[in-house]
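Below is one structure, written out as structure tokens; the observations come after it.
Residue numbers start from 1 in every chain, and the chains themselves are labelled A, B, ... in the order their sequence lines are given, proteins ahead of strands.
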There are 2 protein chains.
Amino acid sequence: MSYSIGVFAEQTGLSIDTLRYYEKEGLIFPQRDENNRRMYTENDKTWIAFILRLKETAMPIRQIKEYARLRYAGDSTTKERLALLQSHRAFILKEMERLEENLGHLDVKIASYKQSIIEHEKADSAAVQR
Amino acid sequence: MSYSIGVFAEQTGLSIDTLRYYEKEGLIFPQRDENNRRMYTENDKTWIAFILRLKETAMPIRQIKEYARLRYAGDSTTKERLALLQSHRAFILKEMERLEENLGHLDVKIASYKQSIIEHEKADSAAVQR
DNA sequence: ATATATGCTGGAGCTTACTCCATGTCAAGG
DNA sequence: CCTTGACATGGAGTAAGCTCCAGCATATAT
């Protein structure tokens with residue numbers, strides 16, 4: 001079972017142009033039929049889903065391409081792929097820490113804004129009293 | 001006390017060009033001296049530090065510009081700024097959830113890679129035995 | 001036989017966030 | 001007086017990640 005680029009685009013939520021762009025960039029290489037049209041398989045779907053995970057965690061296409069190269073090269077590259085994923089894991093952890101820290105600061109800022117709004121309202125109602 | 005753009009760039013870690021770019025984009029408006037040169041103050045330093053926090057949490061310049069507009073407009077915009085920060089807070093939370101979820105999947109993948117490496121090594125040593 | 005839909009390629013164009021460059025001004029030091 | 005250094009402006013260039021388009025091929029429906 002295989003899908004045309006139009007169908008596959010719909011299934012993955014990517015645009016046709018994006019799929020062709022990913023191919024140009026070396027992320028995915030679907031088979032071609034006798035008319036040179038792309039035929040995406042279930043395997044391609046799994047692979048795209050994984051690419052999207054990597055993208056969601058801000059991996060640049062350059063690096064995904066490197067992973068793709070290893071993947072297409074076959075089983076002998078397992079260790080290299082593992083290393084790549086482990087380093088990406090560390091990157092995600094750092095990213096999460098950064099977000100967490102910034103969230104903390106933001107919360108302080110939000111609290112102080114709330115406070116100053118309350119004070120402003122107090123001042124207003126005092127003015128009305130007079 | 002105020003700083004020239006060169007000194008301020010060094011202090012903030014931003015390049016001179018970036019500082020001018022931020023001004024062009026409406027993020028920050030330092031005073032000028034009698035020769036039209038930029039003079040950054042302590043207040044600008046606080047403001048830049050906050051801008052950098054927003055950037056670190058992936059707020060686009062377009063949106064930081066909106067916050068800047070409100071800030072430069074004065075105290076009457078407190079509520080709007082609060083609202084903007086609260087919606088950004090929600091954005092950060094979603095971002096963190098996304099990362100967490102992807103981290104989970106990545107860990108599964110890493111575990112399975114480790115497993116298949118172990119099995120591969122077993123197969124190898126069995127081959128050597130023969 | 002022809003119209004329509006879908007796909008192909010190569011290349012231009014777009015957005016974001018800078019970064020670099022040519023040209024010019026001005027104050028201070030030698 | 002003249003050079004040097006820091007700064008000014010306007011505009012071009014860059015990298016990433018798409019997005020769009022012209023021009024052509026092919027298959028299916030009418």
Side-chain angles (χ1 to χ4, degrees), chain A residues 1-41 44 47-69 88 91 95 98 102, chain B residues 1-41 44-45 47-69 88 91 95 98:
Chain A
M1 189 59 188
S2 72
Y3 314 99
S4 70
I5 195 168
V7 171
F8 194 69
E10 209 154 296
Q11 287 178 358
T12 57
L14 295 172
S15 76
I16 290 176
D17 277 315
T18 298
L19 286 169
R20 291 201 275 239
Y21 169 68
Y22 284 176
E23 188 171 341
K24 204 185 290 182
E25 290 301 307
L27 305 195
I28 185 166
F29 301 99
Q31 295 297 114
R32 299 297 182 109
D33 70 8
E34 68 282 1
N35 294 311
N36 194 37
R37 287 168 175 222
R38 292 169 179 83
M39 293 174 2
Y40 292 89
T41 63
D44 289 323
W47 174 219
I48 278 284
F50 189 62
I51 287 175
L52 292 181
R53 288 208 172 279
L54 295 178
K55 287 197 66 61
E56 270 199 44
T57 49
M59 186 185 280
I61 282 187
R62 214 178 45 261
Q63 205 173 340
I64 301 177
K65 174 187 184 160
E66 171 64 8
Y67 187 89
R69 192 181 63 73
H88 188 56
F91 167 80
E95 196 79 355
R98 270 189 340 100
N102 281 304
Chain B
M1 190 58 188
S2 72
Y3 314 100
S4 70
I5 195 166
V7 172
F8 194 69
E10 208 154 297
Q11 286 177 359
T12 57
L14 295 171
S15 75
I16 289 177
D17 277 315
T18 299
L19 285 169
R20 291 201 273 241
Y21 169 69
Y22 284 177
E23 189 172 340
K24 204 186 290 183
E25 290 300 308
L27 304 195
I28 185 166
F29 301 98
Q31 296 298 114
R32 299 297 182 108
D33 70 7
E34 67 283 2
N35 294 311
N36 194 37
R37 286 164 175 228
R38 293 170 178 83
M39 293 174 1
Y40 292 89
T41 64
D44 288 323
K45 215 187 276 185
W47 175 221
I48 279 283
F50 189 62
I51 286 175
L52 292 182
R53 288 208 171 280
L54 295 178
K55 287 197 66 60
E56 271 200 42
T57 48
M59 186 185 280
I61 281 189
R62 211 177 49 259
Q63 205 174 340
I64 300 178
K65 175 189 183 160
E66 172 64 7
Y67 187 89
R69 194 181 63 72
H88 188 55
F91 167 79
E95 196 79 355
R98 270 192 335 102

Item to check | Nearest heavy-atom neighbours spanning B/L19 and B/F8 | outcome: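 Heavy atoms only, the tightest pair is CD1-CD2, 3.7 Å.
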
Next on the checklist: Testing the basics here: between A/L14 and A/Y22, what is the closest heavy-atom pair and its distance to 0.1 Å?
Outcome noted: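 Where A/L14 meets A/Y22 most closely, the heavy atoms are CD1-CE1, 3.9 Å.
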
Checklist entry - So with a 6.0 Å cut-off around CZ of B/R32, is the heavy-atom count from everything else above 12? => result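 Yes, because the 6.0 Å sphere around CZ of B/R32 holds more than 12 heavy atoms from other groups.
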
Next on the checklist: Please check: side-chain N/O of A/R98 versus main-chain N/O of B/E56, any donor-acceptor pairing under 3.5 Å?
Outcome noted: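 Yes.
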
Checklist entry - Should A/N35 be listed as having a side-chain N or O under 4.0 Å from OP1 or OP2 of D/dA27? => result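 Affirmative; the distance criterion is met.
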
Item to check | Side-chain N,O (A/R38) to OP1/OP2 (C/dT9) below 4.0 Å | outcome: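 Yes.
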
Checklist entry - Do B/E25 and B/K55 sit within salt-bridge range, that is, some charged N less than 4.0 Å from a carboxylate O? => result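 No.
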
Nearest whole Å is fine: how far is [N] [atom2] from [X] [atom1]?
X: B/L52; N: C/dA17; atom1: CG; atom2: P; value: 13 Å
X: B/F8; N: D/dC7; atom1: CZ; atom2: P; value: 13 Å
X: A/I16; N: C/dA5; atom1: CD1; atom2: P; value: 14 Å
X: B/L19; N: D/dC7; atom1: CG; atom2: C1'; value: 13 Å
X: B/K65; N: C/dT16; atom1: NZ; atom2: C1'; value: 14 Å
X: A/R32; N: D/dT26; atom1: CZ; atom2: P; value: 14 Å
X: B/I28; N: C/dA17; atom1: CD1; atom2: C1'; value: 17 Å
X: A/M39; N: C/dT6; atom1: CE; atom2: C1'; value: 16 Å

Item to check | Worked check of side-chain contact (heavy atoms from CB on, under 4.5 Å) between A/Y40 and A/T12 | outcome: CA-CA 11 Å; A/Y40 292 89; A/T12 57; over 6 Å; no

Item to check | Separation between OG1 of B/T57 and CD of B/E95, rounded to the nearest 0.5 Å | outcome: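 Between B/T57 OG1 and B/E95 CD, I get 9.0 Å after rounding to 0.5 Å.
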
Checklist entry - If the sugar-phosphate is the primed atoms plus P, OP1 and OP2 and the base is the rest, what is the B/S/- string for nucleotides 10-18 of chain D, using protein heavy atoms under 4.0 Å? => result ------SBB

Checklist entry - Once the angle between the rings of B/Y67 and B/F50 is folded into 0 to 90°, is it parallel (under 30°), tilted (30 to 60°) or perpendicular (over 60°)? => result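 Ring orientation of B/Y67 relative to B/F50: tilted.
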
Next on the checklist: Tell me every residue that passes side chain to side chain contact (heavy atoms under 4.5 Å, CB included) with A/K65, counting only those two or more places apart in sequence or in another chain.
Outcome noted: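 Listed in chain order: A/L27.
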
Can you tabulate the close N/O pairs, meaning under 3.5 Å, that link protein atoms to atoms of nucleotides 4-6 of chain D?
unit_1, atom_1, unit_2, atom_2, d
D/dA6, N3, B/R37, NH2, 2.7

